[in-house]
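Each ligand, and each atom within it, is numbered from 1 in the order the structure gives. Only heavy atoms go into these numbers, but all of them, side chains included; no hydrogens, no water, no symmetry mates.
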Amino acid sequence: MNNINYNLEMEKIIDKNRKEGLKPKLLMQVCCAPCSTTVMHRIKDDFDIDMYFYNPMIYPKTELEKRSDYVGVLAKRIGIDGKVIVPENDVRDFYDVAKKRKDSAEGSEACYDCYKLRLRETAKYAKEHGYDYFCTTLSISPYKNSKWINEIGRGLEEEYGVKYLYSDFKKRNGYQMSIELSKKYQLYRQSYCGCVFSYNEMKEHNEKMKNDDTGL
Ligand code: SF4
């Protein structure tokens, strides 16, 4: 099933629920506050949303805590009634993915596994706690592969028996909107994806830019 417009798929689901007068319970895996802005704006009136901050790969720990704290800040500023759930984020959960990621670039198969790790935990929690849907904010990023994310969601939907909310939040200018909303809500915006590898790549890039500027 190639070239599916997952944003349209989401809109069909929302239309159907509206017609039936339903406001389903949704567990949303959130990677950070800025990526959650557009997502919450778009769907907060159509679902009862709890946010699930499961991102065990985020390095260093201070960054993990900062991103998680800002999700709470956003929830208050944007007016989300649901909970912000922060389960244990144990970096050891990420070790198998790290073995692949250390020899590959951002956007490689290791990142597929990283999406899956986070979505699997979300689907599992959603199943155990009686949610109607689960989803993730990850598709808002232009660096994230929405086809992979939705395929993973479809597989986990079958495995856990909880509906996945198909979506592609970068559509309809979603990413640009998240930048503007992050400014509006005065949110911290990080400059790397999350794991130690992306952290080191960001550092190297910044160093190179600095040297280029100084002609070194
Ligand atoms: S670059 Fe991002 S998606 Fe890829 S492994 Fe690191 S944290 Fe996960």
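To the nearest 0.5 angstrom, I149 atom CD1 is 11.0 Å from Y112 atom OH. Rounding to the nearest 0.5 Å places NZ of K147 at 8.5 Å from CD1 of I4.
A cation-pi arrangement, defined by a distance under 6.0 Å to the six-membered ring centre and an angle within 45 degrees of its axis, is present between K66 and Y188.
Of the heavy atoms in R118, only side-chain atoms (C-beta onward) come closer than 4.0 Å to ligand 1.
When distances to atom 6 (Fe) of ligand 1 are checked against a cut-off of 2.8 Å, C195 contributes an N, O or S atom below that limit. Residue contact annotation: C111 places no N/O/S atom under 2.8 Å from atom 8 (Fe) of ligand 1.
Numbered from 1 in the order shown, with element, the atoms of ligand 1 that lie under 4.0 Å from a heavy atom of C193 read 1 (S), 2 (Fe), 3 (S), 7 (S). Here is the list of ligand 1 atoms found below 4.0 Å of a heavy atom in M57: 7 (S).
When each of Y164, Y166, F47, Y160 is checked for a ring-ring contact (aromatic ring centres under 6.0 Å, His included) with Y133, only F47 meets the rule.
The aromatic rings of Y52 and Y125 sit tilted relative to each other, their planes meeting at an angle between 30° and 60°. Between Y199 and Y59, the ring planes are perpendicular. Angles over 60° get that label, and only those under 30° would be called parallel.
Given atom 8 (Fe) of ligand 1, the protein heavy atom at minimum distance is C114 SG, 2.5 Å.
Ligand 1 does not have E109 within reach: every non-hydrogen atom of the residue lies 4.0 Å or more from it.
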